Each structure stands twice: as structure tokens, then as C-alpha cells.
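Take a look at the structure set out below.
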Amino acid sequence: MTTRDGRPLGSGRVAVVGAGPQGLTMLKALREDGYNVTAYERRERVGGLWAWSENPSYTTALQSTRANISKFTCGFTDYPIPDKYNTYMTPQELQEFMQDYAEHFDLLKDIVFGANVNKARRNADDSAWLLDIEKENGSTETVEYDKVAFCSGYQSKAIIPTFEGQDKFEGTIIHSQAFRNENAFKDKNVVVVGLSSTAGDIIPVLMPVASKVYISHRRGALPYRRYRNKVPNDLLITWRRRTLSQTFVRYFPRLSKWAADKAVTWFTHKMWPNLDPTWRMAPFPSITLKLPGSFELVMPYLENGQLTSLHGLTRFVGPKSLEFADGTILDDIDGVVLCTGYTADWSPLTPDLIKTSMPKNSPWYKGPPLYRLYMNMFPPEYADSLAVLTHSAFGKSNGFSFGTVIGWAVSNVFRGVEPLPPLSEMNRQIDAHHDWIASRWKMDPATDTSAVKQWEYSAWLHNAAGTGMENLGWGWKGWKFWWKDAKMYRLMNHGVDTAHAAAYFETGKRPVWEGAREAILHANEVVGEMFPLKEVDWPPEDHWVGMSGRGGKGGKKGKSKAV
């Protein structure tokens with residue numbers, strides 16, 4: 001049997017774990033390709049971390065959080081983001097958008113809310129998957145599926161360090177995952193550990209209410225602004241520039257790293273000409289080895305002296321005392337907020353399903369064991385029935401759209417439309433990838449070991465999904481498309497890098513969206529009309545409360561000028 005557009009149908013039952021942007025697009029792709037799909041979401045709404053939850057064990061975007069990419073390069077392939085939303089969307093807007101998407105495509109009927117998948121395992125004869133599911137009311141059940149796609153996110157499990165002497169501390173120690181508002185820190189002296197996007201969300205809401213706030217970090221950090229020359233930064237990254245960059249990195253890795261680091265240093269000092277050496281932002285981590293955080297709203301507090309930068313926290317030395325790497329001791333601290341990052345939650349997957357190993361040809365590697373996943377997604381022994389989509393730093397290039405591309409690719413693998421290499425070849429590819437990770441770790445032990453080679457990962461996904469993006473290249477297909485429609489060739493290569501481009505070309509391997517052309521044209525028209533702006537539409541004024549005066553409180557409201 002085939003779909004209405006001639007693609008072969010899948011058969012059997014598939015479970016999708018998670019109903020964030022990746023889970024929703026996976027559910028939709030699998031269902032359109034004929035599978036009987038059920039998604040399990042532990043929250044009560046779709047949206048993943050953008051869906052507010054009071055549960056302190058769930059990673060949840062704060063009310064003050066804003067997306068790091070603009071709405072123009074975000075969105076789903078066949079469901080544009082409405083013009084009414086802010087350029088950098090709020091959590092409420094993102095959740096509402098995903099809710100509308102789920103309702104528009106009637107996805108909610110296939111989602112079980114308030115359900116946590118505690119364990120995935122094989123049945124007795126190794127022919128199907130058994131999922132142990134716990135409901136909010138405490139009841140449990142075991143359900144059998146033919147295939148499973150884990151879409152539970154990259155930021156599910158808090159990384160919580162422990163420090164010498166912390167049992168002596170009488171104040172509050174929490175990880176940012178449990179932080180919901182500033183109320184517990186009113187009139188308190190607070191140390192925020194880690195300089196990242198999460199710290200960038202938390203510090204601005206602490207400053208107006210806390211007596212004093214300190215930021216403690218061990219290494220350099222890369223500050224950047226969402227706007228450059230009054231234009232959202234991601235609008236400067238076109239499809240052509242992205243593909244050229246990936247080609248450069250592929251064939252000239254050392255030169256590309258050197259060039260990227262030099263460029264980042266130059267741009268950073270141009271954006272922040274008054275960087276104080278005592279803040280220890282430099283040396284900046286290489287953008288090719290570690291993704292930068294977003295903490296631009298922290299910088300004005302450092303500039304006016306309200307926020308104090310400290311070396312890394314080393315130990316607790318008393319009921320209210322902390323010691324830092326340079327020997328500094330603070331004796332009147334009431335609270336510590338650990339903005340120390342997140343990782344994927346691997347607990348539902350037993351070690352016999354997702355194996356780990358050390359790099360074979362890199363005996364000097366001393367980092368953590370590396371997960372054995374083909375294309376960082378498929379355990380080789382079960383690649384035709386299990387996808388784990390929580391482990392690919394540097395892999396996503398265009399917001400939600402890559403969720404759709406991944407959904408199409410996984411469905412094509414599950415249905416056999418995209419053939420997998422033999423088991424031996426998958427293991428060979430994994431070993432080679434692990435040696436590549438080891439080479440990155442050698443340059444910076446803080447590098448994310450879930451990193452993928454963008455040129456390899458993206459190319460494989462687009463080919464497996466059948467997006468037809470090769471029509472934008474310099475080969476015969478590219479010239480043919482340019483001759484047929486020079487305007488669209490130009491816009492898709494050099495204009496806004498929209499999600500809709502992935503659904504534009506007819507390839508026979510995934511659905512084509514008839515509205516893609518109109519959506520691409522509209523996005524470019526809107527961007528052309530909106531930018532440059534005199535003032536940005538974000539951040540809102542209340543983000544800037546407390547920017548003047550001493551201590552964490554008080555100050556006037558003000559507006560942010562675009563860079």
C-alpha cells in the first residue's frame with residue numbers, strides 16, 4: 001500500500017516519547033506514513049521545556065526566557081509562525097504556536113499526557129519493544145510497540161556538581177532546573193555558578209530583588225547579542241553561507257577553526273568594546289568546539305558594577321561562607337544557584353540497548369564513555385526500530401524545521417525507504433566518529449561529546465528525508481532550478497533560511513507542502529519591510545529594572561538599542 005502521493009506505507013505500532021517540537025513533528029511524520037502512533041508526554045501540554053511546569057524536576061523555560069533564534073528561521077516546514085509574535089518569541093508564544101500546530105493537524109488525539117516512560121526493553125523473543133509507563137495518578141502499565149522514537153530532549157537531566165564542605169552550608173542550594181522565580185532570594189546575597197544561557201535568564205530576574213548577586217565561572221565565556229546592526233543575527237546565516245561554511249570546515253578543519261576563532265574574537269570586541277578583563281570572558285571558548293550561551297542581559301549589570309564576577313567556586317567553608325579558585329572567601333551568602341547545564345536522560349534505555357565505548361585509536365582520550373549510535377541517532381543492533389533523538393550538538397541548523405527533517409528521515413529508515421548500511425559499516429562509522437570526538441576533546445576537554453560533523457549529519461538527514469535541497473547547489477540540479485525559477489533559487493540560497501524550504505521540492509520521499517513557495521516569499525517580504533529597525537521589539541522594559549544604582553535593587557527602566 002502507498003500514501004496518496006505514492007510513498008510506501010509503514011505498518012505496525014510506534015511509540016514517540018515526548019511532545020515537544022521534535023516529538024510533535026515525529027508523530028506527524030510517522031502517522032502520515034501509515035504507522036499507528038502514540039506519543040507519551042509527562043507534562044500536561046505540548047511544547048517540551050517551553051510548556052511551563054511547576055515540577056522542579058522538569059526543565060522549564062522561565063517567563064523571562066526568549067528564544068535564541070528569531071521566528072523567521074524557526075517554525076515548522078508546513079506551518080508558518082504567525083506574524084503577530086515577537087521577533088524572539090516568548091515561552092508562552094512558542095507553547096501556543098505548538099499547541100495550534102498540534103490542533104491544526106489533529107495530533108492531540110494520539111498523545112497521552114501525564115505519562116512518563118520509565119523503561120524501554122525488548123520482549124522475551126526480541127521481536128518488539130516493551131515500554132514501562134507511569135501515569136500521574138501513580139498507576140503503571142507495560143505497552144508493546146514495534147518501534148520507538150525517543151524525542152525527550154537534549155536538556156532533560158540536570159548536571160549537578162558537588163563541592164567540598166557543602167553539607168556545612170545553611171543557605172539554599174538549587175540547580176537552575178528547579179528555579180521558577182526570584183521570590184526565595186528576596187533581600188538575599190546570591191552566587192550564581194556558571195555563565196550560560198540559563199544564567200542569562202536567571203540573573204536579570206534576581207537583580208531587582210536580591211541584596212547582592214555574584215556570578216562565578218571557571219573559564220571564558222562568549223557573549224553575543226541577538227541583534228547585529230539592528231538585524232537578528234540568524235538572518236545573516238543563509239543556506240549558501242551555511243553550506244560553504246560546512247564545506248570549509250570539512251576540508252580545512254584547522255584553518256576553519258583558526259578563522260572562526262579570530263572572527264568571533266573580532267566581532268565580540270566590536271559588540272562589547274568595554275569588556276573588562278576582570279570579568280574573565282576571554283579567552284573565548286572556540287565556537288567550533290562549544291556552543292555559546294546567550295547572556296546579553298547580564299552584561300549591563302557587569303558594566304555598571306551591580307554584578308560582581310568571581311572565579312570558579314571550589315568549596316564551602318562555613319554556614320554562609322564560600323571559597324573561590326583565586327582564594328577569595330565570601331562570608332555572607334544566603335543562596336547558590338547552579339547554572340551548570342543539562343544532558344539527555346538515558347535512564348529509560350538500559351546499557352544493553354545503548355552501548356558505550358572509548359575511542360579505539362585515541363588512547364590518550366580521558367573523557368566520558370561515548371554512546372554508540374549510528375549518525376548519533378540509531379543503536380546499530382536496533383537501527384530499524386529505535387531512534388534516540390537526544391544526542392547531536394551542532395546538528396540542528398534551522399530551529400524547528402530540523403525536527404521535521406529528522407522525522408521524515410527516521411520514518412524513511414523505519415519503512416526501509418532509506419536503506420541502512422550493514423552492521424559492520426555502521427560500527428566502523430561510529431568508531432571513526434568517536435576518534436573525531438576525541439580529537440575535539442584534546443583541543444578542549446569541555447567540548448560537547450554529542451557533537452556531530454555538520455556536513456556529514458546534515459547531508460545524511462536531508463538525503464534520507466528526501467528534502468531535495470541539492471537543487472540549491474552548483475550541480476546540474478542547481479543550474480536546472482536556477483534556469484527554471486531564478487527568483488526562488490536566489491531567495492532560498494541567499495534570503496531567509498526558512499523551515500519551508502525543506503518541504504518545497506518534489507522528491508517522492510516525503511510530503512511536499514503546496515504552501516511552501518508562498519511562505520518563503522512572505523518571510524522574505526516581511527524581513528525586508530521590518531529591518532533595519534530603529535529599536536528592537538525585545539527585550540521588554542521590565543528586563544532592565546535595576547540597571548542603575550548600587551546593589552541588586554532599584555534603578556530606572558530603559559530601552560535596549562539594537563547593536
Side-chain angles (χ1 to χ4, degrees), residues 68-70 72-74 77 222 224 228-229 231-268 270-271 284 286-292 375 392-399 401-402 405-406 409 433 436 439-440 443 451-505 507 520 523-524 527-528 531:
N68 286 334
I69 57 176
S70 75
F72 306 109
T73 61
C74 199
T77 54
L222 179 61
Y224 74 91
R228 179 169 171 260
N229 295 330
V231 177
N233 260 315
D234 56 335
L235 291 182
L236 305 176
I237 305 173
T238 64
W239 175 262
R240 177 56 54 84
R241 287 178 178 176
R242 190 190 306 281
T243 53
L244 285 173
S245 173
Q246 291 179 6
T247 301
F248 189 44
V249 172
R250 178 180 184 179
Y251 293 107
F252 307 99
R254 293 183 181 277
L255 180 59
S256 64
K257 178 182 179 300
W258 176 86
D261 293 346
K262 289 293 184 182
V264 163
T265 299
W266 186 84
F267 278 116
T268 301
K270 187 174 180 63
M271 286 189 288
F284 306 123
S286 175
I287 197 171
T288 65
L289 298 174
K290 189 172 179 62
L291 292 170
M375 289 296 164
S392 61
F394 292 87
K396 292 191 174 183
S397 61
N398 189 13
S401 71
F402 238 52
V405 173
I406 290 171
H433 182 73
W436 178 77
S439 70
R440 293 167 59 84
M443 290 185 281
V452 295
K453 302 173 185 175
Q454 285 181 298
W455 65 90
E456 176 185 72
Y457 182 79
S458 297
W460 184 87
L461 279 174
H462 280 289
N463 179 70
T467 62
M469 296 298 279
E470 65 272 12
N471 289 288
L472 301 182
W474 285 290
W476 169 245
K477 289 184 178 180
W479 284 108
K480 185 177 179 181
F481 179 49
W482 171 80
W483 180 261
K484 179 182 177 181
D485 196 337
K487 179 178 181 179
M488 288 304 294
Y489 180 89
R490 176 180 57 80
L491 284 180
M492 294 172 72
N493 259 310
H494 305 291
V496 182
D497 193 11
T498 72
H500 318 302
Y504 184 85
F505 298 105
T507 67
I520 293 168
N524 282 276
V527 166
F531 301 104

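Only a predicted model underlies this, so the values are computations on that prediction, with no experimental measurement involved.
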I'd like to know if the side chain of D497 reaches the main chain of T73, judged simply by a donor and an acceptor atom lying under 3.5 Å from each other, with no hydrogens or angles considered.
no
Contacts of W479 that satisfy ring-ring contact (aromatic ring centres under 6.0 Å, His included) - sequence neighbours left out
W482
Holding to salt bridge (charged side-chain N to carboxylate O under 4.0 Å, His left out), I want the full list of residues that pass it with K453, two or more places apart in sequence or in another chain.
none
Identify, with sequence neighbours excluded, every residue that meets side-chain contact (heavy atoms from CB on, under 4.5 Å) alongside A464.
A409, E418, W460
Is it true that a side-chain atom of D485 and a backbone atom of F481 form a donor plus acceptor pair closer than 3.5 Å?
no
Partners passing ring-ring contact (aromatic ring centres under 6.0 Å, His included) against Y224 (at least two apart in sequence or in another chain)
none
Among residues at least two apart in sequence or on other chains, which ones pass side-chain contact (heavy atoms from CB on, under 4.5 Å) with T243?
W239, R240
Side chains of F284 and P292, heavy atoms from C-beta outward: is any pair under 4.5 Å?
no
Would the distance check show the side chain of S256 and the main-chain N or O of P253 forming a donor-acceptor pair, the cut-off being under 3.5 Å?
yes
With A451 via side-chain contact (heavy atoms from CB on, under 4.5 Å) - residues at least two apart
F394, W436, I437, R440
Taking salt bridge (charged side-chain N to carboxylate O under 4.0 Å, His left out) as the cut-off, I'd like each qualifying pair that reaches into residues 471-482, sequence neighbours left out, listed once.
E470-K477
Distance col, row N493:CG vs M469:CE, nearest 0.5 angstrom, shows 8.0 Å
Applying side-chain contact (heavy atoms from CB on, under 4.5 Å), can you list everything that pairs with R490, at least two apart in sequence or on another chain?
K487, H494
Please report the interatomic distance OG1(T288) to CH2(W258), rounded to the nearest 0.5 Å.
13.5 Å
Could you go through E456 and M375, starting from their C-alpha distance and side-chain angles, then the distance that decides it, and tell me whether this counts as side chain to side chain contact (heavy atoms under 4.5 Å, CB included)?
CA-CA 9 Å; E456 176 185 72; M375 289 296 164; 4.0 Å; yes
Side chain to side chain, M443 and L289, heavy atoms closer than 4.5 Å:
yes
Where do K290 and L222 land on the side chain to side chain contact (heavy atoms under 4.5 Å, CB included) test, with the steps shown first?
CA-CA 10 Å; K290 189 172 179 62; L222 179 61; over 6 Å; no
When M492 is tested against each of L472, T238, N524 for side-chain contact (heavy atoms from CB on, under 4.5 Å), which residue passes?
L472
Partners of F252 by ring-ring contact (aromatic ring centres under 6.0 Å, His included), sequence neighbours excluded?
F248
What pairs meet the salt bridge (charged side-chain N to carboxylate O under 4.0 Å, His left out) rule with one or both residues in residues 253-268, with sequence neighbours excluded?
K257-D261
For the residue pair V496 and A523, what are the closest heavy atoms and their distance?
CG2-O, 4.2 Å
Going by salt bridge (charged side-chain N to carboxylate O under 4.0 Å, His left out), name the residues that satisfy it together with D234, two or more places apart in sequence or in a different chain.
none
